Visitor: 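Mind looking over this structure? Questions follow.
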2 protein chains.
Amino acid sequence: MNLFHFIIISNTIAVSVLFLGLAEGDRLLDIPCKVCGDRSSGKHYGIYSCDGCSGFFKRSIHRSRVYTCKAAGDLKGRCPIDKTHRNQCRACRLKKCFEAAMNKDGK
Amino acid sequence: MNLFHFIIISNTIAVSVLFLGLAEGDRLLDIPCKVCGDRSSGKHYGIYSCDGCSGFFKRSIHRSRVYTCKAAGDLKGRCPIDKTHRNQCRACRLKKCFEAAMNKDGK
DNA sequence: TGCAGTCCAACGTACAAAAAG
DNA sequence: TCTTTTTGTACGTTGGACTGC
Ligand SMILES: [Zn+2]
Ligand SMILES: [Zn+2]
Ligand SMILES: [Zn+2]
Ligand SMILES: [Zn+2]
């Protein structure tokens with residue numbers, strides 16, 4: 001949180017103004033998961049993400065998973081990842097996790 | 001944390017600005033944590049220790065924790081305690097805290 | 001001032017439920 | 001059907017930020 005404190009004094013008047021700025025770490029509710037759009041419960045592995053994507057990324061990393069997208073042709077690697085489809089293709093889900101800048105060390 | 005306080009005074013106006021900045025050399029002492037070798041932020045419970053070991057010791061003492069090392073045979077009670085392994089065995093971490101002379105009363 | 005206590009976001013482990021095979 | 005794997009929630013732990021003495 002940023003904190004600035006200004007005191008301005010003229011002849012007979014003193015004004016003290018305290019600014020508290022909302023910064024990155026402050027609690028902001030209802031920010032959706034950057035991977036699937038579901039409701040996030042805060043930051044996980046560097047980005048706002050839901051418990052599902054957070055757990056999926058954690059398991060994939062800890063076990064060094066390599067997934068393959070089973071779609072064919074132009075559809076390959078382009079599976080939709082939202083709350084209802086996120087479990088249909090692990091390859092595309094993990095890809096989207098990385099694209100959303102998820103990382104092991106929480107940035 | 002470094003703290004700079006500037007006061008600028010002209011004829012009829014004084015401006016006081018308080019900057020709170022995070023500075024590099026501040027809490028980063030050259031003396032490492034005697035338990036895990038991570039950088040310490042000063043003395044905690046009697047010895048130079050990092051925030052992690054300090055918090056771990058505090059929680060263990062306040063809640064009278066008793067941990068058991070899960071290693072077998074000759075390895076029992078000899079788990080390596082450094083920055084990357086300190087969370088893998090609470091028993092050995094706490095043991096090392098005591099061996100480094102950590103104590104409740106900070107002396 | 002430095003350090004102990006408090007707070008809490010983010011983490012890891014465990015597990016019931018669901019899905020896969 | 002049965003067995004194995006995966007999912008996502010629950011819950012305890014970690015450690016950095018903050019408060020107070
Ligand atoms: Zn998600
Ligand atoms: Zn796919
Ligand atoms: Zn330490
Ligand atoms: Zn051990």
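This one's a predicted model, so the numbers in the text were calculated from it and none came from an experiment. Below, read A as the first sequence line, B as the second, and so on, with proteins coming before strands; counting in each chain starts at 1.
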Visitor: Validate the cation-pi geometry between B:Arg93 and B:Phe56: distance from NZ or CZ to the six-membered ring centre under 6.0 Å, angle to the ring axis within 45°.
Guide: yes
Visitor: So, is A:Tyr48 near the phosphate of C:dA9, with a side-chain N or O under 4.0 Å from OP1 or OP2?
Guide: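 For C:dA9, OP1/OP2 do not have a side-chain N/O of A:Tyr48 under 4.0 Å.
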Visitor: Output the rounded distance in Å from CG (B:Leu94) to P (D:dT14).
Guide: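 Computing the B:Leu94:CG to D:dT14:P distance gives 11 Å.
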Visitor: In whole angstrom, give the distance that lies between atom CD1 of B:Ile61 and atom P of C:dT6.
Guide: 15 Å
Visitor: Report yes or no: does A:Lys76 contribute a side-chain atom to a donor-acceptor pair with the main-chain N or O of A:Cys69 at less than 3.5 Å?
Guide: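 Flag set: sc A:Lys76 to bb A:Cys69 pair under 3.5 Å.
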Visitor: Taking the side chain from B:Lys96 and the backbone from B:Ile81, do they hold a donor-acceptor pair closer than 3.5 Å?
Guide: yes
Visitor: Looking at A:Tyr45, I'd like to know whether one of its side-chain N or O atoms comes within less than 4.0 Å of OP1 or OP2 on C:dA9.
Guide: no
Visitor: Test side chain to side chain contact (heavy atoms under 4.5 Å, CB included) on A:Asp51 and A:Asp38; report intermediate values, then the result.
Guide: CA-CA 9 Å; A:Asp51 290 333; A:Asp38 195 4; over 6 Å; no
Visitor: Using whole Å, what does the distance between atom C1' of nucleotide C:dT1 and atom NE2 of B:His44 come to?
Guide: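 Taking atom C1' of C:dT1 as the reference, NE2 of B:His44 is at 14 Å.
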Visitor: Less than 3.5 Å apart, any donor N or O on the side chain of A:Ser60 or A:Tyr67 sitting next to an acceptor on the other?
Guide: yes
Visitor: In this structure, how many angstroms lie between the P atom of D:dT13 and the CD atom of B:Gln88, rounded?
Guide: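 Atom CD in B:Gln88 sits about 17 Å away from atom P in D:dT13.
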Visitor: Using atom CZ of B:Arg63 as one end and atom C1' of D:dC11 as the other, report the distance to the nearest whole Å.
Guide: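 Distance check: B:Arg63 CZ to D:dC11 C1' gives 13 Å.
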Visitor: In whole Å, I'd like the distance from the CZ atom of B:Arg90 to the P atom of D:dG15.
Guide: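 Value for this atom pair: 10 Å.
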Visitor: For A:Ser54 and for B:Ser54, locate the closest nucleotide of DNA chain C by heavy-atom distance; then report the residue assigned to the nucleotide nearer the 5' terminus.
Guide: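 Upstream on the strand: B:Ser54.
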Visitor: Using a cut-off of under 3.5 Å, enumerate the N/O to N/O pairs linking the protein to nucleotides 8-10 of chain D.
Guide:
{"from": "D:dG8", "atom 1": "OP1", "to": "A:Arg86", "atom 2": "NE", "distance (Å)": "2.9"}
{"from": "D:dG8", "atom 1": "OP1", "to": "A:Arg86", "atom 2": "NH2", "distance (Å)": "3.0"}
{"from": "D:dG8", "atom 1": "OP1", "to": "A:Asn87", "atom 2": "ND2", "distance (Å)": "2.9"}
{"from": "D:dG8", "atom 1": "OP2", "to": "A:Arg93", "atom 2": "NH1", "distance (Å)": "3.1"}
{"from": "D:dG8", "atom 1": "OP2", "to": "A:Arg93", "atom 2": "NH2", "distance (Å)": "3.0"}
{"from": "D:dG8", "atom 1": "N7", "to": "A:Arg59", "atom 2": "NH1", "distance (Å)": "2.9"}

Visitor: Between C:dT13, D:dT13, C:dG5, which nucleotide gets closest to the side-chain atoms of A:His62?
Guide: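 Closest nucleotide to the A:His62 side chain: C:dT13.
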Visitor: Output the rounded distance in Å from OH (A:Tyr67) to P (D:dT5).
Guide: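 Interatomic distance, OH of A:Tyr67 to P of D:dT5: 13 Å.
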Visitor: In whole angstrom, give the distance that lies between atom CD1 of A:Ile81 and atom C1' of D:dT7.
Guide: 14 Å
Visitor: For A:Cys36, does its backbone N or O pair with a side-chain atom of A:Lys83 as donor and acceptor, under 3.5 Å?
Guide: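 The answer is no, because no donor-acceptor pair under 3.5 Å joins these two groups.
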Visitor: For A:Ser49 and A:Ser54, indicate whether the former's side chain and the latter's backbone hold a donor-acceptor pair under 3.5 Å.
Guide: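 Side chain of A:Ser49 to backbone of A:Ser54, a donor-acceptor pair under 3.5 Å: no, none is there.
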